**Student:** 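Handing you a structure now.
Quick caveat, the model's predicted, so the values are computed rather than measured.
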Amino acid sequence: MSSNEERPVMESLKSLDEIERLATKQLSKRAWSFNYAAAGDHISKTLDAEVYRSILLRPRVFVDVKQCDMSTTILGHEVGVPIFVSPMAMASLAHPAGEAGISAACGIFNAMHIISNNASMAPEKIVEGAAPGQVFGFQLYVQNDRRESEIVLARINTMPEIKCIVLTLDEPVPGKHELGMGLQKYEESQGNREQPRQSSTANTDVSVAIPSVSGPAPDLTWEETLPWLTQHTTLPIILKGIQTYEDAQIASKYAPRVRGIILSNHGGRVLDTSPPAIHTLLEIRKYCADVLEILQVMVDGNIQRGTDVVKALCLGARAVGIGRPALWGLGAGGVAGVERALQILADETRTCMQLLGVRRVADLGLQHVNTRIVEQQIYNR
């Protein structure tokens with residue numbers, strides 16, 4: 001079934017949760033497990049979502065919000081929404097459109113797409129049908145044999161669509177992924193499983209397009225890795241996986257070599273009970289607020305609603321990333337499913353801004369949120 005035929009089905013879905021439920025019915029156990037799993041008891045994965053519920057909004061009234069502009073800039077490049085797709089590996093497990101399908105959906109909204117180092121499609125293929133001005137990043141896992149990464153960087157340097165290198169730092173060794181109670185949810189969904197549509201039939205023979213021989217390196221350091229990286233690319237560097245204000249402060253000292261950071265606990269997939277990005281963002285505001293002026297700070301981690309996006313922006317995030325929802329979208333309906341996930345988030349974000357009395361992303365600020373409950377969780381020891 002084509003994307004055009006899928007679209008009416010997708011338009012009936014009203015939330016990211018509904019998209020996940022539909023994808024769960026249709027995906028193979030391997031694909032579902034790959035996307036759902038998290039570390040340990042899923043405490044970090046759960047807290048990533050729950051922390052947003054503890055932040056209250058402060059709407060203002062008597063404001064003309066007929067026009068609402070959600071555009072912003074990332075590293076000086078204009079994007080249509082303050083939402084980007086975080087690097088997600090092996091997208092073809094969910095749908096044959098794979099990462100190219102995610103790119104196509106992002107192009108509709110002019111949203112940034114960070115290509116995974118472990119993508120199931122070659123980066124050249126992923127950007128092949130990019131919309132004019134579409135912004136991409138490339139995630140880098142530095143390999144034990146640095147020459148492997150140098151070859152990858154040389155390849156990425158030739159691709160004008162890619163505007164930054166996103167160096168991932170929060171997984172120096174593999175985390176232990178578990179399914180927890182989610183496996184029961186999957187098995188129950190299969191009892192009422194619909195006949196899979198052709199568009200949701202993923203390729204079972206999926207592998208990483210840029211395979212590693214030596215494996216990811218666990219010996220990265222501030223003093224050695226950043227100078228090495230800047231020898232092999234002139235692209236701006238974003239550090240992904242910052243989880244403490246101390247590391248954010250160190251990162252700021254490497255500006256302008258480092259242009260931004262993404263606060264992330266890897267979707268709760270690596271170290272359980274690591275903090276949600278919002279905790280780290282609040283700590284930065286309290287202990288080293290100048291980081292927000294020196295670096296572009298972004299966040300990701302279990303974003304489920306446009307209100308989550310707006311709350312992060314109010315606290316100083318430049319943009320907000322989604323990971324699993326892109327894969328759920330692919331599993332639910334291919335490109336149309338990812339498009340629907342982005343549409344839901346964009347619509348909810350716009351509505352939230354308007355109800356807050358805000359016309360532009362740049363006008364969102366601390367005056368629009370009450371974070372007292374979360375701050376008590378962090379600081380009252």
**Student:** Regarding Q243 and D247, is there a side-chain donor-to-acceptor distance under 3.5 Å anywhere?
**Tutor:** no
**Student:** Below 4.0 angstrom, N of the basic side chain to O of the carboxylate: do R360 and D363 qualify?
**Tutor:** yes
**Student:** Regarding T371 and E375, do their side chains bring together a donor and an acceptor under 3.5 Å, going by distance alone?
**Tutor:** yes
**Student:** Among I262, V85, I238, which one satisfies side-chain contact (heavy atoms from CB on, under 4.5 Å) with I114?
**Tutor:** I262
**Student:** Quick one: sort the Y36 and H42 rings into parallel, tilted or perpendicular, breaks at 30° and 60°.
**Tutor:** tilted
**Student:** How far apart are the C-alpha atoms of T244 and E283, what are their side-chain angles, what is the distance that settles it, and do they pass the side chain to side chain donor-acceptor pair (under 3.5 Å) test?
**Tutor:** CA-CA 8 Å; T244 64; E283 287 190 355; over 6 Å; no
**Student:** With a 3.5 Å cut-off and no angle check, do the side chains of R318 and T73 form a donor-acceptor pair?
**Tutor:** yes
**Student:** Show the numbers, then the answer: is there a side chain to side chain donor-acceptor pair (under 3.5 Å) between Q343 and D347?
**Tutor:** CA-CA 6 Å; Q343 186 70 65; D347 288 347; 2.8 Å; yes
**Student:** Would you please say whether a donor-acceptor pair under 3.5 Å links the side chains of E99 and S116?
**Tutor:** no
**Student:** Do you see a donor-acceptor pair shorter than 3.5 Å between the side chains of Q143 and S212?
**Tutor:** yes
**Student:** If you count the non-hydrogen atoms of other residues, nucleotides and ligands that lie under 6.0 Å from CZ in R257, is the total more than 12?
**Tutor:** yes
**Student:** Which residues pass the side-chain hydrogen bond (donor to acceptor under 3.5 Å, both in side chains) test with D170, not counting sequence neighbours?
**Tutor:** H266
**Student:** Should R350 and E348 count as an ion pair when the cut-off is N to O under 4.0 Å?
**Tutor:** no
**Student:** Against the six-membered ring of Y379, is K286 placed for a cation-pi contact (under 6.0 Å from the centre, within 45° of the normal)?
**Tutor:** yes
**Student:** Can you find a pair of side-chain heavy atoms, one from L235 and one from N157, that are under 4.5 Å apart?
**Tutor:** yes
**Student:** Is there a side chain to side chain donor-acceptor pair (under 3.5 Å) between S214 and E148 once you walk through the steps?
**Tutor:** CA-CA 8 Å; S214 63; E148 290 186 58; 2.6 Å; yes
**Student:** Do D64 and K66 meet the salt-bridge criterion of a basic N to acidic O distance under 4.0 Å?
**Tutor:** no
**Student:** With a 3.5 Å cut-off and no angle check, do the side chains of D69 and S71 form a donor-acceptor pair?
**Tutor:** yes
**Student:** Find out whether S149 and R146 are in side-chain contact, i.e. whether some heavy atom of one side chain is under 4.5 Å from a heavy atom of the other.
**Tutor:** no
**Student:** Should we count CZ of R21 as having more than 12 external heavy atoms under 6.0 Å?
**Tutor:** yes
